[in-house]
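The block underneath contains the structure these notes are about, expressed in structure tokens.
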Amino acid sequence: MKRLSLFKWARRPGAILALSAATLYGASVFCAVAADTKADKPAKAQKKAKKVSKLTGAELYSINCNRCHPERYATEFTASQWKTLMTHMRVRANLPASQAKKILKYLQEDSGS
């Protein structure tokens, strides 16, 4: 009985040390990953914004409008009708204002009279 009692006390400091080391290591990894994630987000957002801003109205139209329905010809509606449609579709497709303006400009330039 005495041997078993000594065995438990001998292991306890090692177990506590191992648990402490594992906790510190886990916390340091978590902090490092969180710091890397925060640093990458603005850079990725800037790259994406630059790519989107370089697209023309025709490209934006084919990318965004074909997600839900077949592409329409610009000559199907007048310029004022396209403006009304784009106001509605901008809300439905959750388009940023800059993209919606480029698409509207493209459609109005090629629209029917």
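As the structure is a prediction and not an experimental result, all values here were calculated from the model.
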Q. Would you say the side-chain atoms of Q108 pair up with the backbone N or O of A79, donor to acceptor, closer than 3.5 Å?
A. yes

Q) Is the shortest heavy-atom distance from the side chain of L55 to the side chain of I63 under 4.5 Å? A) yes

Q) Do other residues, nucleotides or ligands put more than 12 heavy atoms under 6.0 Å from R67 CZ? A) yes

Q. Does a side-chain heavy-atom distance below 4.5 Å link E71 with C65?
A. no

Q | Min side-chain heavy-atom separation N66-S62 under 4.5 Å | A | yes

Q.
By the definition side-chain contact (heavy atoms from CB on, under 4.5 Å), identify the one residue from M86, K83, E76 that meets it with L107.
A. M86

Q. Is a donor on one side and an acceptor on the other found under 3.5 Å between the side chain of Q81 and the backbone of T78?
A. yes

Q | Flag side-chain contact, heavy atom, 4.5 Å: K102 against T56 | A | no

Q. Where does the angle between the aromatic ring planes of Y61 and Y106 fall among parallel (under 30°), tilted (30 to 60°) and perpendicular (over 60°)?
A. tilted

Q: Could you tell me whether the side chain of K54 reaches within less than 4.5 Å of the side chain of E59, counting heavy atoms only?
A: no

Q | OG1-CE distance between T84 and M89, expressed to the nearest 0.5 angstrom | A | 12.0 Å

(Q) Donor-acceptor check, side chain of R90 to backbone of L95, threshold 3.5 angstrom: yes or no? (A) yes

Q) Between the side chain of W82 and the main-chain N/O of L104, is any donor-acceptor distance below 3.5 Å? A) no

